[in-house]
Amino acid sequence: MPITIATWNVNSVRLRLPGVAALAEAHAPDVICLQEVKVAPELFPIEAVKALGYPYLRLESQKGYNGVAILSRLPLAPIESRQWCTRNDCRHIGALLPDGTAIHNFYVPAGGDIPDPDENPKFAHKLDFLSEMAAWSEELGSDNRSIVVGDLNVAPLETDVWSHKQLLNVVSHTPVEVAAFERVVAAGSWEDAVRAFIPPEERLYTWWSYRARDWSASDRGRRLDHIWVSPSLRDQLRSASVLRSARGWEPPSDHVPVLASLEI
DNA sequence: ATGGTTGTGCGACAA
């Protein structure tokens, strides 16, 4: 059965409902994973997403900050949430598809402005979170079918940022973060579903700052949003894409949806 | 170097 999975940091699900509808209409993903839903769980627009054709929901959210959700056309079985960095800050949610494939949706801490864990506790939290993801990936093992998606807040490749040199000391592309990110990838033998179709030589971004006068003209983007699959799903991948045009939707998120299709 | 914008929710704080 072919299945399409989308991941999108919406920066408020309530403001981005028209965008979620546009995504559903244009690409008909079977599963939509959202980050930064920024809403108290009781205020999540459940009926609106049901009306878009997504009757199954897994939600881990709180008022104001963070929050992740999985919307699905297919039934979802819950995967027990665990604690990350001894906090309950709604950065991960998991679900099982009917065939047993696990989907894990992450919102990795952004890390603040100063790329020094001693000076900046937010950066320390980000590195700790990535370390825990590596340990978790190891525990998960590689003989099950798993998919990791989300806003991982790291742009690992030189072509994942508009200027490798100018971003070497900017949080999201520092060598220490990229190394931590690569340890997660190695621990789970994760396959980068997007780079499997869009060659690493090609520049590719999923986020453009709100602060640019003209995001498209300056095009100073970063690839912060990712879809990974376990080795057992590598040969099942069929396509992947980044919905750059969504950055122009009104009102825009600063992130755009990333999609992957596979045969499960 | 600095400042630029958006979101939550109504004051900062996070990104």
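Hydrogens, waters and symmetry mates play no part in the numbers below; they use all other heavy atoms, side chains included. Reminder, nothing fancy here: chain letters follow the sequence lines and each chain counts from 1.
Among the atoms of the strands shown, none is found under 4.0 Å from any heavy atom of A:R220. Counting any heavy atom pair closer than 4.0 Å across all strands shown, A:R91 reaches sugar-phosphate atoms only and no base atom.
Applying the 4.0 Å criterion to OP1 and OP2 of B:dA14, one finds that A:K122 has a side-chain N or O inside that range. Note on A:R247: every side-chain N or O is 4.0 Å or more away from OP1 and OP2 of B:dT5. Regarding contacts with the backbone of B:dT2, every side-chain N or O of A:R211 stays at 4.0 angstrom or more from both OP1 and OP2.
Hydrophobic cluster membership differs between A:W190 and A:F197, with clusters built from Ile, Leu, Val, Met, Phe, Trp and Tyr side chains linked at under 4.5 angstrom.
Of all nucleotides listed (B:dA15, B:dA14, B:dT8), B:dA14 comes nearest to the side chain of A:Y65.
Between A:L15 and A:D113, it is A:L15 whose nearest contact on DNA chain B lies nearer the 5' terminus. Nearest-nucleotide assignment on DNA chain B puts the 5′-proximal partner with A:Y210, out of A:N66 and A:Y210.
Nucleotides B:dG9 and B:dA14 have their C1' atoms positioned 13 Å apart, rounded to a whole Å.
A:L130 is not listed as a side-chain neighbour of A:E182, based on a closest heavy-atom distance of 4.5 Å or more.
Rounded to whole Å, atom P of B:dT6 lies 10 Å from atom CZ of A:R16.
Taking the six-membered ring for Trp, A:W84 and A:H92 have ring centres closer than 6.0 Å.
Side-chain atoms of A:Q35 and A:N105 include a donor-acceptor pair closer than 3.5 Å.
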